[in-house]
Amino acid sequence: MHNRAACSKRWRWGRRGGALCVSACLLTTAALAQTLDVLHWWTSGSERRAADYLAQQLAAEGLEWQDAAIPGGAGTGAVKVLKSRTLAGKPPAVAQLIGPAINEWGRLGLLLELDTVARGEAWREQLFPTAWRLVQYRRHTLGVPLGIHRINTLFYNRRLFEELALPVPRNWGEFEQVARQLQARGIVPLAQSSEPWQVATLFETLVLGEGGPEYYREAFVQRSPRAYTDERMARALLRLRQLKRWMNPQERPWPELAQQVARREAGMLVMGDWAKAELNSLGLVTGEGFSCVPVPGTHDYHLYSIDTLVMFRGDGSRQSAQEKLARLLVQPAVQLGYNRLKGSVPVRRDLDPAALDVCARASWQAFARGPGMQAPSLVHRMASEEAFKDAVVAQIHRYFIDDQVNAAEVQRRLAALARALGTEGGGKHAQNPDR
Ligand code: GAL
C-alpha cells in the first residue's frame, strides 16, 4: 500500500541539457510526510478486507495507511498495546478507540481535535445523533465514527433451514423447537465460543431481551446496584445457562463460528453483525445462503457498537494528513463501501437504506428509531469504562463455564461491583456531564 499514486514523475533539464527524473525524491518525501500508522483489531478475513478498502481510498488521496493490526476479538489485545505505546511516548497517529474511552483519553489531552473537519463536513447534521455525541468532549470533536454494528443479531443458515423446513425463530419457544430439530439431526443448534467476551456478548443481548433498553442502561450505564438484584437479571442469567444445552462451547475465535454456520456444522449464531461480513467473505450471500433476525425479545431494539477512529496529537507534522483521513472516512461513498465489507451500517442518516442488504437495512432502521430503542454494548466498550466491563465479563464467564456457580451469587457479586465502581457514587460513565 505504498503511495505511488501521489508521486507524479517530473522531468527537468540538467546543466548539460539532459533530462533528469526527480520522481524518486518526490516519492520519498511524499511517502514520509503522508504516512499514518493505524492501530486497530481488525484481523479476520472480512475485517481485513474492510481495512484494506480504507487503505486503498487513502492511497488514492495521497496517504499511506501503515497497518498496525493487533489480533484479538473485541480489541482485547489492541487496547492494551495502545496503552503501553502511549505510556512509552509512541502513540500511533490513528487508533481504533470506542465509546466513553474517547472521553477519558480526551481528558488527558492526547487526542487531536477535529473540529474544523466536523464543521466543514457538517457531521453534526449528517451523523446519527448517538454517533455524533460519542465523539464529543467539551464541545470538541475527538473521533471519526465509521460504522454501527448491531449486536442483537441471530444468524441462521437459510439454505439449511429451507431444506429442513424449519421456521425462523422469533421467540424463545420457537428457538427451542428449531434447536431440538437441529440437534436431532446432529447439527449444533447454536454456535458459541467460551471466550469470555463472546459469552458476555451473548449475555448482554439476553439482558436487553429481558429488560429492554431502559433497564439495560440502568444496569450497564448507570450501574445501579438495584438493577443487579432485579428479577430481570436473574432471568437473563437463567436463560444463558439454559442455552448451554444447544451449544458445544469451546474457546474459539469468532470467525470460526461463522465457518461452522457456513459449513452447516451449526445452524444459528448470536453475534454482532461483523459475523455477516465474515459469512459474506466465506461466499454466502446475505438473504440467500444465510439471513438474520433480531434475537428473541429484542425485536425493536438496537444493541450497538460504533467503530471509531481517533487521531493522536503529535508534533503537528501529521495533522493535515490526519484531517484528510478524517474527512474521507465520513464521505457517503466511503461509508457505503466500507460498511458493506465490515457488516455494519453507515453512521450517516442521510443515506438511502435501499442501498443496504436486508440485515443492514433492518439494523439501520432500528437504529434510526432513536435513543429510546438503542442500547450501548457493555462488552464492546460503549456503555462503561474498561475496569467495570472487564469485571462483569469475568463474573459472567465464570458463571457460564461452571454450573456450580448459582445465579443469585453472581447477582450479589455484580451488585457489589456496581456499588464499588458505579456512577451512583459519582463515577464517570457514558452519559458524561462534561459533554
Ligand atoms: C467489536 C468491533 C467490531 C469487530 C468485533 C470483533 O468490538 O466493534 O468491529 O471487530 O469487535 O473483533
Side-chain angles (χ1 to χ4, degrees), residues 38-54 67-82 94-102 130-131 134-135 143-153 155 191-193 195-205 220 251-259 261 269-282 302-310 329 335 338-347 359-360 363 367 374-386 389-390 392-393 430:
V38 187
L39 193 148
H40 59 87
W41 60 85
W42 297 325
T43 51
S44 80
S46 57
E47 289 175 330
R48 235 344 333 139
R49 281 167 64 184
D52 288 349
Y53 170 82
L54 294 180
D67 208 75
I70 311 293
T76 18
V79 172
K80 291 192 181 91
V81 172
L82 180 61
V94 184
Q96 185 180 2
L97 197 66
I98 61 184
I102 297 171
T130 304
L134 264 171
V135 294
V144 192
L146 277 177
I148 304 166
H149 278 299
R150 190 180 198 185
I151 297 190
N152 53 319
T153 310
F155 294 97
Q192 176 69 42
S193 167
E195 248 193 315
W197 76 265
Q198 295 194 62
V199 174
T201 297
L202 172 60
F203 175 69
E204 65 177 20
T205 308
F220 296 143
E251 197 157 323
R252 299 165 188 272
W254 69 268
E256 284 185 25
L257 305 186
Q259 285 162 21
V261 173
L269 167 65
V270 171
M271 183 56 76
D273 48 14
W274 46 86
K276 181 187 76 174
E278 200 66 14
L279 286 162
N280 291 154
S281 77
L282 295 170
H302 197 297
L303 181 55
Y304 65 87
S305 167
I306 303 183
D307 281 325
T308 304
L309 294 181
V310 295
L329 294 172
Q335 277 283 303
Y338 161 82
N339 282 295
R340 197 170 287 138
L341 293 168
K342 186 65 173 68
S344 37
V345 297
V347 292
C359 296
S363 164
F367 197 81
Q374 300 168 358
S377 166
L378 173 75
V379 179
H380 298 276
R381 305 190 169 78
M382 288 282 126
S384 148
E385 94 286 346
E386 207 77 358
K389 184 240 341 160
D390 286 346
V392 174
V393 169

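Every number for a ligand or one of its atoms is a count from 1 in the order of the listing.
Residue-ligand proximity: G272 is placed with every non-hydrogen atom at 4.0 Å or more from ligand 1.
Salt-bridge annotation for E386 and R381: present, with a side-chain N of the basic residue lying under 4.0 Å from a carboxylate O of the acidic one.
Checking side-chain atoms of E251 against main-chain N and O of S193 turns up no donor-acceptor pair under 3.5 Å. Within the 3.5 Å criterion, the main-chain N or O of L146 finds no donor-acceptor partner in the side chain of D307. Judged by distance alone, with hydrogens and angles left aside, the side-chain atoms of Q335 form a donor-acceptor pair with the main-chain N or O of V347 at under 3.5 Å. Proximity of a side-chain donor or acceptor of E204 to a complementary backbone N or O of L378 within less than 3.5 Å is detected.
For atom 2 (C) of ligand 1, the closest non-hydrogen atom of the protein is D307 OD1, 3.4 Å. Among all protein heavy atoms, the one lying closest to atom 1 (C) of ligand 1 is H380 ND1, 3.3 Å. Looking at atom 10 (O) of ligand 1, its nearest protein heavy atom turns out to be E47 OE2, 2.5 Å. Among all protein heavy atoms, the one lying closest to atom 12 (O) of ligand 1 is A74 N, 2.9 Å. Closest to atom 6 (C) of ligand 1, if we only count protein heavy atoms, is W254 NE1, 3.4 Å.
Taking distance alone, with nitrogen or oxygen atoms compared against 3.5 Å, Q96 stays at or beyond that limit from ligand 1.
Atoms of ligand 1 lying under 4.0 Å from any heavy atom of S305, numbered from 1 in the order shown and given with element: 8 (O).
Taking the six-membered ring where the residue is Trp, W42 and Y338 present tilted rings, their angle falling between 30° and 60°.
Residue contacts with ligand 1, taken as heavy atom pairs separated by less than 4.0 Å, involve K342 solely via side-chain atoms from C-beta onward.
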